[in-house]
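Order of listing sets the numbers, starting from 1, for every ligand and every atom in it.
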Amino acid sequence: MKKLSLVAILILFGSFLLAQSGNQIIKHVIAKMTLQEKVRLLIGGNDVKFEGAYTDVTNKVPGAAGFTYPLRRLNLPSLILSDGPAGVRIEPIRNHDSSKTYYATGFPVATLLASTWDTALVYKVGDAFGNEVKEFGVDVILAPAMNIQRNPLDGRNFEYYSEDPVIAGNIAAALVNGIQSNGVGTSIKHFVANNVETDRTTLNEIISERALREIYLKGFEIAVKKAQPWTVMNSYNKINGIYTSENYDLNTTILRKEWGFKGLVMTDWGGGRHPVAQAKAGSDLLMPGTQNQFDEIMAALRNGSLSIDVIDNNVAKILGLILKSPSYKHYKYSEEPDLKAHAKISRLAASEGMILLKNEGNALPLQNNIRKVALLGDASYNTIANGTGSGEVHKPYVVSIFEGMKNSGYMIDNQSTTASVDALASKDDAAIITIGRNAGEGSDRPVDGDFTLKDSEREVIKKVSTAFHAKGKKVIVILNIGGAIEVASWRDNVDAILLAWQPGMEAGNAIADILSGKVNPSGKLAITFPMKYSDEPSAGNFPGTTFPKQARAAIFGSNSTNREVDYKEGIFVGYRYFNTFKVQPAYPFGFGLSYTHFNFSDLKLSDSSFHHHLTASVTVKNSGDVAGKEVVQLYISAPKGEEGLEKPEEELKAFAKTNLLKPGESQTIQFSITPNELASFVESHNAWIADKGVYTLRIGASSVDIRQQASFAVPSEIIVEKTHAIHYPKNIQDLQ
Ligand code: BGC
């Protein structure tokens, strides 16, 4: 014990010394920099292109999203920043020469990774991803994206994890830790509440401080505290009238002072309006960088409205990042990561995050006598690996469902697309229909024909089901989508539904692994599927209201109007709303079927009274016939307390995935509960408070399938954390 603590002290002292020497170097470099050099470093290197002298930098990694300014005089290299959440987004072909290519692995999208509920697996994905970042010569990957999926129509939902911050924060932390274990940086984005794409650069959002802290900031807080990402990227939108990138309280008071973030904050590309306000707020690096920003900051320094201390502080953050970077260390990158090994990880992760939504009469896995399958729907042949925009990866291939099924030994005759449905029903043993959806940054999805099915899709489902069922044959629907769609009106027609999400470049192989039974599905929903769009708590406030009179140009020349979204639902986002107000969803948060069954037993709490800490343990047993994994979800239902603060029926506080349990095998899972898990944010006290009273701890296989529960008391109110009184204008009109 004594020895261990000595080692720990030595390690701590060692890292303290390293940090000190880093700080000394930074101070020394700042002392040598001219004012111009400092300001040049604060804005991205985009305008370097026009200076013409740095083609080695601008051409270093073609297709990268941006780079920082190189300061040759001081031996400070340019850092390369690249998108995006599902893999390294760079140009695969350089100078029209395809004899050497630069394709990167297309990993499953974020929503799928969250649906694995498996932080160890996501770490593995991060590790492989980070290796590609490093081997392609990139210093910081602009990922993970981790905004809350407030509404199913958001065009970027596929890039985001969940409607719940505990899932989003923990999955993001696992990915960040995996990527950064390679010695490259991440950028968790978009800080914060980037929940609407329509008019995203002029959008104002009205959010209560409680909803902001409990729902929209919480995931970022978890990721910062558990993983210390090297950088954070702020969002395009305003919150209560202030651009997030210009908000000191967000970027400095909350992120740095309250959470202890040590890294650099950068803007989203062209985000915000006022570079001086951004610099003062703690947005250290303005991306991608313009001459105007340079001029405005220089002018403010000259006229005394901006202090050099602010600039030195921001420059120090950029220097800190440079010192850690592979570019500074002259890392010799290979441009040849092991795509084959990473494809295996991509396939594994994909199959672990797919969700079996329906399985009537054990339609899946396909029985051994099913060999010939009718395969319908364009996405069966043009399978969607990931969404569009900066979240799209240039991957070497995408295995379609057609190819994946053939690779698994199924016979798919190409007549599926042309033959009559009756002919297919006579010839084939089962039918698979794939419904595909794609979306991306810059716009949101429409309800008609996107959230709901198109008429042609309804017709196919109907006709195929009638014909195949008449012959006693099964019909399976695969959802190759990036966000929730309407299922309630058509699901009764089909036997099974597999929610495959957008599963990356090994899509078809991973889907075939589930359909054939090679992999037992263990994914669970990290979002709610509503019965109909209007059931969504934010349906009336998405994508908000426009004010066309105040129209002005947005970035990149696009026209954008001023738009406002009122987050009227407050903290009641997703299952917090559905479960509290007893609105029946189509599929609830946390739901997902398996080819086996699990029993939960022996829930034990370490105490019936909470003081500083509590542990809960529960045993999960595979009571079915095949091996499988279960996601164990821990929810807490808190008392209202003396001030009568509204609280959700229950909130997810922890989760774990079991090992692969053989039939009859059990595993005991242990959870740790701290005061943080009991607290709500009380605006009038600027504090996180755990109310006195009786709490119920629920262990479930979904948010509504609670298998075990136990109560414990908090004998007196606990002030868990006092926060800063942040500048948070309540009256939005004052700011416009
Ligand atoms: C997106 C970011 C992305 C950046 C750089 C922006 O339009 O919102 O997520 O990282 O572009 O490509």
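When the options E132, R347, E506 are evaluated for a side-chain hydrogen bond (donor to acceptor under 3.5 Å, both in side chains) with H342, the one that passes is E132. The side-chain hydrogen bond (donor to acceptor under 3.5 Å, both in side chains) with R563 is formed by just one residue from the set N204, T546, D199; it is D199.
Ion pairing between a basic and an acidic side chain is recognised when a charged N comes within 4.0 Å of a carboxylate O; E335 and R94 show such pairing.
Less than 4.0 angstrom separates some heavy atom of L142 from each of these atoms of ligand 1: 10 (O). In summary, the atoms of ligand 1 found under 4.0 Å from a heavy atom of E441, numbered by their order in the structure, are 1 (C), 6 (C), 7 (O), 8 (O). Within the listing of ligand 1, atoms 2 (C), 8 (O), 9 (O) sit less than 4.0 angstrom from a heavy atom of H190. Residue A65 approaches ligand 1 through these ligand atoms, each under 4.0 Å from one of its heavy atoms: 5 (C), 12 (O). Atoms of ligand 1 lying under 4.0 Å from any heavy atom of K189, numbered from 1 in the order shown and given with element: 2 (C), 3 (C), 9 (O), 10 (O). Each of the following atoms of ligand 1 lies closer than 4.0 Å to a heavy atom of D268: 1 (C), 2 (C), 3 (C), 4 (C), 6 (C), 8 (O), 11 (O).
Between R156 and ligand 1 there is a heavy-atom distance shorter than 4.0 Å. Under a 4.0 angstrom heavy-atom cut-off, M233 registers as being in contact with ligand 1.
With rounding to the nearest 0.5 angstrom, the CD atom of E392 is 11.5 Å from the CG atom of D83. The CZ atom of F542 sits 4.5 Å away from the CG atom of N151 when rounded to the nearest 0.5 Å.
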Check your understanding: Passes side chain to side chain donor-acceptor pair (under 3.5 Å), Q149 versus T111? Steps please.
Key -> CA-CA 9 Å; Q149 297 193 20; T111 315; 3.3 Å; yes
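In this structure, K568 has no side-chain hydrogen bond (donor to acceptor under 3.5 Å, both in side chains) partners at least two apart in sequence or on a different chain.
At a 4.0 Å heavy-atom cut-off, ligand 1 does not touch M287 at all. With a 4.0 Å heavy-atom cut-off, ligand 1 is reached by the side chain of R200 but not by its N, CA, C or O. Using a 4.0 Å cut-off between heavy atoms, M266 makes no contact with ligand 1 at all.
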Name every donor-acceptor pair, under 3.5 Å, that has one atom in a side chain of residues 164-172 and the other anywhere in the protein, sequence neighbours excluded.
from, atom 1, to, atom 2, distance (Å)
D164, OD1, Y575, OH, 2.7
D164, OD1, R576, NH1, 2.9
D164, OD1, R576, NH2, 3.4
D164, OD2, V166, N, 2.8
D164, OD2, I167, N, 3.1
N170, OD1, K226, NZ, 2.6
N170, ND2, V166, O, 2.7

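Where the criterion is an N or O separation shorter than 3.5 Å, residue side chain and backbone included, W269 fails it with respect to ligand 1.
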